[in-house]
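Each remark here refers to the structure printed beneath this line.
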There are 2 protein chains.
Amino acid sequence: MKVSELAQAGGVTAETVRHYTREGLLHPQRDPQNGYQRYDNESLSRLCFIQCFRMLGFSLGEIKGLLGEAMQENISCSKSQDILANQLPQVRSRIKEFQALSERMDQALEAWRDTPGGVPTGHLVSQLVDDLSQPVIV
Amino acid sequence: MKVSELAQAGGVTAETVRHYTREGLLHPQRDPQNGYQRYDNESLSRLCFIQCFRMLGFSLGEIKGLLGEAMQENISCSKSQDILANQLPQVRSRIKEFQALSERMDQALEAWRDTPGGVPTGHLVSQLVDDLSQPVIV
DNA sequence: CTTGACCTTAAAGTTACCTTCAAGGATATG
DNA sequence: CATATCCTTGAAGGTAACTTTAAGGTCAAG
């Protein structure tokens, strides 16, 4: 795969792929013909993995730590274990936050589903602000 | 409320509150005695609202646009309507993404719940990488 | 009356990209 | 086979949303 093919497959821009490559999260090979970066299916797996953990709030550095060892087939990925074990509570609570937010937004937006044209009125915008004006479960 | 009291109530740092204030998303009053910023309960509502829409991928500028008009009690919040109406599809799809990610992470992490000590083994880390190595629904 | 924890501002640093630049290779059309 | 359009590279600069630093003012406790 060329850089923009991988980018399209993973739903990101070519620049983002290049960025991850610069930062050492992806390890493409060089095409000796033209010097282009060549990515394989493992790169795509890693790219998807990166997206998931970025959504969960992990930094690229942490993800690099996870990927660096996890993709090696050895059984004692102690570093990955440490990182994940430490972050697990935050991951779980972040998932809970997402779920809570999803439900609240779904409820808040449901009021619009039946408005004429599906366009919110000013009153409903204020209503949404009220609906969402409670602390996120932290 | 002082800046760090509001920060604690909203689950962010004092610096984040100051940042939102600088950017015009919060409008505290000045304590004439000492020049400190004073925030009220509406500030807390706005802060919670900001958190929700930040999680949904809105920029501070967009949120400022929403808050600027939505908090006024007039009926024709046309700007807010425009912003929300335009972003509604993305909001919905982003909620779907969150839900999908939550389920996948829940499933992937469930394998750890029963491991000795609840600590993931290297094999399970690799397993997680495999489990998450599919494109997010875009 | 000083120590420590809080507040203020402005400015610089950080993270994770995104955009732009110049130089050059690849592929399609006339 | 020239020309246009697209792709590639590295390096550099820009941006958003914080975060940290610096230098100082405020305030309650001991």
Side-chain angles (χ1 to χ4, degrees), chain A residues 1-40 43 46-68 83 87 90 94 97 136 138, chain B residues 1-40 43 46-67 83 87 90 94 136 138:
Chain A
M1 267 184 280
K2 283 185 276 189
V3 62
S4 47
E5 288 165 344
L6 175 63
Q8 181 161 17
V12 299
T13 70
E15 284 71 26
T16 300
V17 172
R18 282 193 254 269
H19 181 60
Y20 291 160
T21 306
R22 274 195 301 274
E23 299 294 318
L25 281 82
L26 298 175
H27 306 297
Q29 287 187 306
R30 286 288 179 185
D31 188 330
Q33 299 284 302
N34 49 22
Y36 286 12
Q37 304 274 30
R38 288 288 162 196
Y39 298 89
D40 55 11
S43 290
R46 292 169 76 104
L47 183 53
C48 297
F49 183 83
I50 294 166
Q51 300 299 100
C52 286
F53 276 77
R54 285 289 301 131
M55 279 184 79
L56 289 172
F58 284 72
S59 72
L60 290 188
E62 289 167 329
I63 297 171
K64 184 178 175 181
L66 287 171
L67 277 174
I83 296 172
Q87 301 281 354
Q90 280 124 299
R94 187 155 267 262
E97 274 181 49
V136 176
V138 188
Chain B
M1 266 184 282
K2 282 185 280 189
V3 60
S4 48
E5 289 165 344
L6 174 63
Q8 182 161 17
V12 300
T13 70
E15 282 72 26
T16 301
V17 171
R18 282 194 253 270
H19 181 59
Y20 293 159
T21 306
R22 273 195 301 275
E23 298 295 318
L25 281 82
L26 298 174
H27 306 297
Q29 287 186 307
R30 285 289 179 184
D31 187 329
Q33 299 287 302
N34 50 24
Y36 286 12
Q37 305 273 29
R38 290 286 162 197
Y39 297 89
D40 56 11
S43 289
R46 292 169 75 103
L47 183 53
C48 297
F49 183 84
I50 294 166
Q51 299 299 99
C52 286
F53 276 78
R54 285 289 301 130
M55 279 184 79
L56 290 171
F58 283 72
S59 73
L60 290 187
E62 288 167 329
I63 297 170
K64 183 178 175 180
L66 287 171
L67 277 173
I83 296 172
Q87 302 280 354
Q90 280 124 299
R94 186 156 268 261
V136 177
V138 187

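All chains are named by letter (A, B, ...) in the order of the sequence lines, taking the proteins before the strands, and each is independently numbered beginning at 1.
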Is [X] near enough to [N] that one of its side-chain N or O atoms lies under 4.0 angstrom from OP1 or OP2?
{"X": "T16(B)", "N": "dA17(D)", "result": "no"}
{"X": "N34(B)", "N": "dT8(C)", "result": "no"}
{"X": "T13(B)", "N": "dC18(D)", "result": "no"}
{"X": "Y20(A)", "N": "dC17(C)", "result": "yes"}

Distance check needed: [N] [atom2] versus [X] [atom1], whole Å only.
{"X": "D31(A)", "N": "dA26(C)", "atom1": "CG", "atom2": "C1'", "answer": "12 Å"}
{"X": "I63(B)", "N": "dC18(D)", "atom1": "CD1", "atom2": "C1'", "answer": "14 Å"}
{"X": "K2(A)", "N": "dT9(D)", "atom1": "NZ", "atom2": "P", "answer": "10 Å"}
{"X": "Q29(B)", "N": "dC7(C)", "atom1": "CD", "atom2": "P", "answer": "18 Å"}
{"X": "E5(A)", "N": "dC6(D)", "atom1": "CD", "atom2": "P", "answer": "16 Å"}
{"X": "R38(A)", "N": "dA26(C)", "atom1": "CZ", "atom2": "P", "answer": "10 Å"}
{"X": "I50(B)", "N": "dA16(D)", "atom1": "CD1", "atom2": "C1'", "answer": "15 Å"}
{"X": "H19(B)", "N": "dA10(C)", "atom1": "NE2", "atom2": "C1'", "answer": "15 Å"}

For the residue pair [X] and [Y], what are the closest heavy atoms and their distance?
{"X": "L26(B)", "Y": "S43(B)", "answer": "CD2-O, 3.7 Å"}
{"X": "D40(A)", "Y": "M1(A)", "answer": "O-CE, 3.5 Å"}
{"X": "Q37(B)", "Y": "P28(B)", "answer": "OE1-CG, 3.3 Å"}
{"X": "S59(A)", "Y": "E62(A)", "answer": "N-OE1, 2.9 Å"}
{"X": "A14(B)", "Y": "A7(B)", "answer": "N-CB, 3.5 Å"}

Would you classify Q37(B) as touching base, sugar-phosphate or nothing, given that sugar-phosphate means primed atoms plus P, OP1 and OP2, and contacts are heavy atoms under 4.0 Å?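 The answer is sugar-phosphate, as Q37(B) gets under 4.0 Å only of primed atoms, P, OP1 or OP2.
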Classify R54(B) by what it touches in the nucleic acid, base, sugar-phosphate, or nothing, heavy-atom distance under 4.0 Å. sugar-phosphate
Quick one: which of [options] gets closest to the side chain of [X]?
{"X": "E15(B)", "options": "dC7(C), dC18(D), dT19(D)", "result": "dT19(D)"}
{"X": "S59(B)", "options": "dC18(D), dA17(D), dT9(D)", "result": "dA17(D)"}
{"X": "R30(B)", "options": "dG10(D), dT19(D), dT9(C)", "result": "dT9(C)"}
{"X": "Y36(A)", "options": "dA17(D), dC17(C), dA26(C)", "result": "dA26(C)"}

Tell me which of V3(B) and R22(B) sits closer to the 5' end of DNA chain C, going by the nucleotide each one is nearest to. V3(B)
